[in-house]
Amino acid sequence: MARSDSGVRPSEARQRLLTTATRIFYGEGIHSVGVDRIIAEAKVTRATFYRHFPGKEDLVLAYLRAADHAIREQVDAASAAALPAPDALRAIAESIARDIRSAGFRGCAFLNAVAEYPDPDHPVHQAVLAHRQWFLDTITTLLASIEETEAESGARHFVMLRDGAMAAGCLFDPALISETFLHGVEGLIRAHAARRPS
């Protein structure tokens, strides 16, 4: 079982609640699911739920933190391999494509969540923005190590390609969407590398 950020092993009940909420929130949406259902499916008491999560919003934020952590691990794996920046970008794109082709894929957890929490001041909306800013900054840094002047613009392009692929991947043939996404990322990397002074 994973350890929390503080190094303390989370309780089995908390982990069950989070696993159950993740499955249901991702599969069915957040607002449509009540706390009672999560408690019942996680097989915990109401008191146990409230001991770990003071309210549903706290559980939603924990769900998004877990999703953020999983994506950061994928990106860190590409970075830890000490690949050249173009190959690290390709590895990140491949991990996104694998997600799109995975069973039960239902789009981006963050885009799905922000659609349900449109108020920019809401903590869930803020969590989504923080995740997306981290991802944009990460891609910008990788592109800047290839060629710096257009890195921010190129990173925005990469993120938009990803967003489009995540949205289309649950509507159309995931294999075709993944292939189209990877082709777009490859074109972006090559175009960006071509700007390098010779």
Side-chain angles (χ1 to χ4, degrees), residues 1-80 92 94-139 159 162-171 174 177:
M1 184 182 292
R3 292 183 180 273
S4 70
D5 292 341
S6 64
V8 176
R9 186 181 295 256
S11 79
E12 184 181 327
R14 184 186 191 283
Q15 192 57 46
R16 237 181 13 255
L17 282 161
L18 186 53
T19 300
T20 302
T22 296
R23 174 178 50 80
I24 297 172
F25 288 162
Y26 183 72
E28 299 177 30
I30 297 169
H31 288 321
S32 65
V33 179
V35 167
D36 289 342
R37 179 172 169 201
I38 293 167
I39 289 169
E41 291 195 26
K43 296 180 174 52
V44 299
T45 65
R46 181 172 290 280
T48 298
F49 175 87
Y50 287 110
R51 184 167 54 249
H52 293 291
F53 301 102
K56 182 179 175 183
E57 183 180 296
D58 300 282
L59 180 58
V60 173
L61 290 168
Y63 154 64
L64 291 175
R65 278 193 298 273
D68 174 75
H69 181 72
I71 293 168
R72 286 177 189 251
E73 282 189 335
Q74 289 176 330
V75 171
D76 288 347
S79 301
I92 291 167
E94 280 289 351
S95 73
I96 292 166
R98 273 193 307 277
D99 286 346
I100 291 169
R101 293 188 302 261
S102 66
F105 177 75
R106 198 181 159 273
C108 171
F110 293 92
L111 293 177
N112 293 346
V114 84
E116 295 194 59
Y117 291 88
D119 177 1
D121 295 324
H122 193 283
V124 170
H125 195 104
Q126 290 294 312
V128 171
L129 292 179
H131 168 78
R132 290 179 62 79
Q133 189 62 54
W134 161 80
F135 188 72
L136 178 64
D137 291 347
T138 300
I139 300 301
V159 172
R162 177 218 172 261
D163 288 350
M166 295 293 266
C170 58
L171 297 172
I177 297 301

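Just so it is clear, the structure is predicted and the values come from calculations on it, not from any experiment.
- Ring geometry for F53 versus F49: interplanar angle of 30 to 60°, hence tilted.
- Taking 4.0 Å as the cut-off between side-chain N and carboxylate O, D99 and R162 do not count as a salt-bridged pair.
- By the 4.5 Å heavy-atom criterion applied to side chains, L61 and V124 are counted as neighbours.
- When all heavy atoms of L18 and A62 are compared, the closest pair comes out as CD1-C, 3.8 Å.
- In plain terms, the two heavy atoms of I92 and S95 that are nearest each other are O-OG, 2.7 Å.
- Under the 3.5 Å distance criterion, the side-chain polar atoms of Y26 are matched with a main-chain donor or acceptor of R106.
- R14 contributes atom CZ, which lies 10.0 Å from atom OG1 of T19 (distance to the nearest 0.5 angstrom).
- For A168, the side chain to side chain contact (heavy atoms under 4.5 Å, CB included) partners at least two apart in sequence or on another chain are F172, I177.
- Side-chain contact between L111 and R132: present, with at least one pair of heavy atoms (C-beta onward) separated by less than 4.5 Å.
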Walk me through whether I30 and Y63 qualify under side-chain contact (heavy atoms from CB on, under 4.5 Å). CA-CA 10 Å; I30 297 169; Y63 154 64; 4.2 Å; yes
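- Closest non-hydrogen pair, L64 versus F110, comes out as O-CZ, 3.5 Å.
- Closest heavy-atom contact between T48 and A13: CG2-CB, 3.6 Å.
- Side-chain atoms of W134 and T138, non-hydrogen and from C-beta on, do get closer than 4.5 Å to each other.
- Taking every heavy atom of both residues into account, A42 and R16 meet most closely at O-NE, 2.6 Å.
- By the side chain to side chain contact (heavy atoms under 4.5 Å, CB included) test, D137 is found to be paired with Q133, residues two or more places apart in sequence or in another chain being considered.
- Annotation: the span from H69 atom NE2 to I71 atom CD1 amounts to 11.5 Å, rounded to 0.5 Å.
- Of all heavy-atom pairs between H52 and S11, the closest is CE1-OG, 3.0 Å.
- Note that the NE2 atom of H131 and the CZ atom of F135 stand 7.0 Å from one another [nearest 0.5 Å].
- Taking 4.5 Å as the limit, every side-chain heavy atom of F25 sits out of range of all side-chain heavy atoms of N112.
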Can you list the steps and then say if Q74 with R98 is a side-chain contact (heavy atoms from CB on, under 4.5 Å)? CA-CA 11 Å; Q74 289 176 330; R98 273 193 307 277; 5.7 Å; no
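- The CZ atom of R72 sits 12.0 Å away from the CZ atom of R65 when rounded to the nearest 0.5 Å.
- Residues passing the side chain to side chain contact (heavy atoms under 4.5 Å, CB included) test with H125, sequence neighbours excluded: V114, P120, H122, L129.
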